[in-house]
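Structure first, commentary second.
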Amino acid sequence: MTAWEVAVTALKDATAIAGIGQTAFAKQLPESEKTLACRAIVAALDDAGIAASEVDAFASYTMEETDEVEVAKAVGAGDVTFFSKVGYGGGGSCATIAHLAAAVATGQASVGVAWRSRKRGSGPRPWKNTAVQLPTPAQWTRPYGLLRPADEIGMLARRYMHEYGATRDHLFNVALACRNRANQNPDAVMYERPLTRDMYMTSRWISEPLCLFDNCLETDGALACVVVSAERARDCRQKPVYIHSVAQGLPAQHHGMVNYWNDDPLSGPAWTAARQLWKQADFGPDDVDVAQIYDAFTPLIPLSLEGYGFCGRGEGAAFTEGGALESGGRLPINTGGGGLSEAYVHGFNLINEGVKQLRGVSTAQVPDAGTCLVTAGEGVPTSAVLLRG
């Protein structure tokens, strides 16, 4: 075998997520981000039945305000032999799992913890910090009115509508599927708060063509998960969820969100990550039972459906028709409610929901779910993981 084939074989199903934990989600929580992080990590370790003193690896986001030094002390971790941080906000979610899987599979660590803690609901909006408004890429966006992620994705959405005939009804299909699943999830911010087409169509604009319900929630909360070897996971408290394939994606000449310099701005990082993800996997898109697709904004779903190979180029909007994304549809998505209706914690809730599906304990359980795709943010350097039950 080639060196690449050896590496892929070493990682495939070699590790598993053995524990998950989370705090409550709300517009405003009183605890600090550090306290929320520690509570989620302790809950995940308890879920796995592993003592905090055995933790020897950490992975988080560069945007995480808490750090492994303080977290390790607070939860009572032992000597730590691996730690990493992944950039690009929501694009880093699945990559934290990938880094831990690689560390455990190669013997750099034995018990890894990934987490995200965020007070986005009660905290400041990142783009309000005018002192850091103009890194080099932003010089080509912010002076022209693209101040927020919603503005940048709004422009991509308009381009997608123009080229492929997507409509607001297609975006509503996405928002509705996520809201319907949140209505079943007692932990979701939008639990028992239905969404109708009239509510969607008459809501205020955030950045046209994106309305209020095309945008993710603003949430306080934290989540964590525990990664161990597949062998050890079989002896833990919960059913193992195996990490089958992982990938990151940064396409050539990428420009965050708007993709100005690409020949085709609608071919985002998902396409790059997907090629690597499926290349390493034993199954393909047709074999995915349920998907947790990053949904900071509704247009990211059709773009990701195309990027990860569930339909052809320009067919993502039409894919959403006929209840395809709902329970019982062609591809049930975001079964906890996602960033649009459960909580927005930079996509980490999608990882935990994928684990719940493969354990068979989701509040919107897909019958006999055996495979799950989880994706990170499209529009920025991204990552993805294929989970197997």
Side-chain angles (χ1 to χ4, degrees), residues 4-5 7-8 11-13 86-99 101-102 153 156 160 163-164 166 174 242-257 259 262-320 324-325 330-334 338-339 347 350-351 353-354 357 370-388:
W4 180 85
E5 290 171 329
V8 169
L11 281 175
K12 188 183 299 176
D13 298 327
V86 185
Y88 309 104
S93 60
C94 296
T96 64
I97 307 302
H99 287 197
I153 297 301
L156 277 184
Y160 187 68
E163 289 200 16
Y164 297 113
V174 173
Y242 298 100
I243 299 167
H244 182 71
S245 179
V246 295
Q248 290 181 262
L250 169 56
Q253 296 299 309
H254 177 66
H255 184 125
M257 298 288 192
N259 245 5
N262 283 23
D263 292 336
D264 181 356
L266 298 177
S267 291
W271 294 76
T272 301
R275 284 191 288 270
Q276 184 72 2
L277 188 77
W278 299 122
K279 182 180 178 182
Q280 299 171 168
D282 290 341
F283 55 90
D286 290 344
D287 304 304
V288 172
D289 297 322
V290 59
Q292 316 297 332
I293 299 178
Y294 193 87
D295 60 338
F297 307 98
T298 55
L300 300 185
I301 299 294
L303 290 173
S304 296
L305 290 170
E306 296 174 19
Y308 286 97
F310 293 101
C311 57
R313 186 58 195 277
E315 297 175 357
F319 188 101
T320 71
L325 307 181
R330 291 171 62 186
L331 183 69
I333 67 161
N334 301 5
L350 299 176
I351 298 170
E353 176 61 23
Q357 278 289 341
T371 56
C372 180
L373 168 69
V374 185
T375 75
E378 171 62 336
V380 295
T382 195
S383 53
V385 59
L386 282 174
L387 301 176
R388 182 178 69 78

Closest non-hydrogen contact found for Ser93 with Ser383 is N-OG, 4.1 Å
Which pair of heavy atoms, one from Ala273 and one from Thr382, lies closest together, and at what distance?
CB-CG2, 4.0 Å
Atom pair CG/CG of Asp295 and Leu350 - distance to nearest 0.5 Å
6.0 Å
For Gly268 and Asn259, the nearest pair of non-hydrogen atoms, with its separation, is CA-ND2, 3.8 Å
Side chains of Pro299 and Tyr160 in contact at under 4.5 Å (non-hydrogen atoms)
no
Sequence neighbours left out, what passes side-chain contact (heavy atoms from CB on, under 4.5 Å) with Arg313? Give chain and number order.
Tyr164, Asp264, Leu266, Ser267, Trp271, Glu306
So, does Gln280 use its side chain to make a donor-acceptor pair with the main chain of Val246 at under 3.5 Å?
yes
Minimum side-chain heavy-atom gap Thr272-His254 below 4.5 Å:
no
Donor-acceptor contacts, no H, no angles, side chain residues 372-381, under 3.5 Å, sequence neighbours left out:
unit_1	atom_1	unit_2	atom_2	d
Thr375	OG1	Tyr294	N	3.0
Glu378	OE1	Ala270	N	2.8

Roughly how far apart are Thr298 OG1 and Leu303 CG, rounded to 0.5 Å?
10.0 Å
Can you tell me which residue pairs pass the ring-ring contact (aromatic ring centres under 6.0 Å, His included) test with a partner in residues 272-291, sequence neighbours excluded?
His244-Phe283
Report the distance from atom CD1 of Ile333 to atom CZ of Phe310, rounding to the nearest 0.5 Å.
10.5 Å
Nearest-0.5 Å distance, CZ of residue Phe319 to CD1 of residue Ile301
11.0 Å
Which residue pairs pass the salt bridge (charged side-chain N to carboxylate O under 4.0 Å, His left out) test with at least one member in residues 245-256, sequence neighbours excluded?
none
What closest approach, in Å, do Leu305 and Gly316 show between heavy atoms, and which atom pair accounts for it?
CD1-O, 4.0 Å
Set of residues satisfying salt bridge (Lys or Arg N to Asp or Glu O under 4.0 Å) with respect to Asp287, sequence neighbours excluded
none
Looking at every heavy atom in both Ala317 and Pro302, which two are closest together, and how far apart are they?
N-CB, 3.7 Å
Measure the spacing between SG of Cys311 and CZ of Arg330 and express it to the nearest 0.5 Å.
7.0 Å
Contacts of type salt bridge (Lys or Arg N to Asp or Glu O under 4.0 Å), residue Glu315, not counting sequence neighbours
none
Shortest non-hydrogen pair, Leu387 vs Gly354, comes out as CD1-C, 4.2 Å
d(Ile243 CD1, Asp13 CG) to nearest 0.5 Å is 9.5 Å
Any side-chain heavy atom of Leu386 sitting closer than 4.5 Å to one from Arg388?
no
